[in-house]
Amino acid sequence: MLILECPYCGVKGEETEFHAGGEAHLKRFGPGSSDADFETYLFMRENPKGVHLERWRHANGCGKWFHAARCTMTLEVFGTYSAQTYEPPQEIKDILTAKRPGWSWRNFK
Amino acid sequence: MSEARSALAGARFAGIAHVEEAGLVGMISFRGDLGHAKVKSAVKAVAGAAIPKPRGVALAGATGVAWMSPDELLILVPHAEADAVVAKLSTALKGQHFMAENVSDARAVFTVTGPHAREVIGKLAPVDMSRFAEGEIRRTRLAQVAAALWISAPDSITVVCFRSGAQYMFDLLSAAAQEGSAVGVY
């Protein structure tokens, strides 16, 4: 079970209080984009063993969306951060580097 | 005007704790920029208390204000005054971006009272009730439905949920408060 801390209301709760929202930091390709870009945006997802960045929503709480960095193998949650960002903040990257040296996820490392 | 009725007409259950539907409670859902000076003063004027810090609730009798999310408050007033309070907020914040809605009749309120009140909630919600203090509000789930709860008096916990789930919530709390079901954790 994941223990997540909502960065908006500060509640540290277990997984059932939250709702998973899929992969984080997707770049949207909508009308007018190429078929290949659109297909990538819609269907192509990471499926890592280890570090993963995801979107979560504090569904049974303050209702806000946020990002979480966690390990898919150990279920360790490295940290949560604001949804208003295109990439994980430096402190999250530092934690990841400390705990999973050499980690990479999409184009972040 | 039609006669307002609460969801379960004061249904009650007595076991290791007393579960009671609290009747009509005036509730206003307020959304807006909580850091704005005008919002702060308007809320204080109707709720009788300043906007609490995150996850806080400030209550004096039937009137008060609870922090629901970074941009949302729950203002509690006597049921009959809710519409007037919404009007007051709307006048005070005219021209401002905000929302104040009377949601009194969309919600149900329960009180769980007794020395085992924390235990009853602890059985249903993923919350560490031993650390849950007075003046704190927690939005969470009770079994399968969303709820908000706070400690209204020593040994008394108020639970707010959607009216549509009122019967479910009452059954849930009653089952968790069954005679002889004390665990003795808190």
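- Ranked by heavy-atom pairs under 4.5 Å with chain A, the list A147(B), P126(B), A146(B) is led by P126(B).
- With sequence neighbours excluded, the residues that form a side-chain contact (heavy atoms from CB on, under 4.5 Å) with A175(B) are Q178(B).
- Within residues 87-103 of chain B, no residue has any heavy atom less than 4.5 Å from a heavy atom of chain A.
- For T113(B), the side-chain contact (heavy atoms from CB on, under 4.5 Å) partners two or more places apart in sequence, or in a different chain, are H18(B), T111(B), S156(B).
- Grouping the Ile, Leu, Val, Met, Phe, Trp and Tyr side chains by contacts below 4.5 angstrom, directly or via other members, places V145(B) with L8(B).
- Residues I157(B) and F170(B) share a hydrophobic cluster, clusters being chains of Ile/Leu/Val/Met/Phe/Trp/Tyr side chains in contact below 4.5 Å.
- L74(B) and I51(B) fall into different hydrophobic clusters, where Ile, Leu, Val, Met, Phe, Trp and Tyr residues are linked whenever their side-chain heavy atoms come under 4.5 Å apart, directly or through other members.
- A continuous path of ILVMFWY side-chain contacts below 4.5 Å connects F29(A) to L42(A), so both sit in one hydrophobic cluster.
- More than 12 heavy atoms of other shown residues, nucleotides or ligands fall within 6.0 angstrom of atom OH in Y186(B).
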Pairs of donor and acceptor atoms under 3.5 Å between chain B and chain A, please, with atom names and distances.
residue, atom, partner, partner atom, Å
R55(B), NH1, C9(A), O, 2.5
D71(B), OD1, K64(A), NZ, 3.0
D71(B), OD2, K64(A), NZ, 3.0
R138(B), NH1, E17(A), OE1, 3.0
R138(B), NH1, E17(A), OE2, 2.6
R138(B), NH2, E17(A), OE1, 3.4
R139(B), NE, G61(A), O, 3.1
R139(B), NH1, G61(A), O, 3.3
R139(B), NH2, G61(A), O, 3.3
T140(B), N, N60(A), O, 3.1
T140(B), OG1, E17(A), OE1, 3.2
R141(B), NE, T16(A), OG1, 2.9
R141(B), NH2, T16(A), OG1, 2.7

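- M1(A) CE: more than 12 foreign heavy atoms inside a 6.0 Å radius.
- Residues I75(B) and V109(B) fall into different hydrophobic clusters, defined by Ile, Leu, Val, Met, Phe, Trp and Tyr side chains chained together at heavy-atom separations under 4.5 Å.
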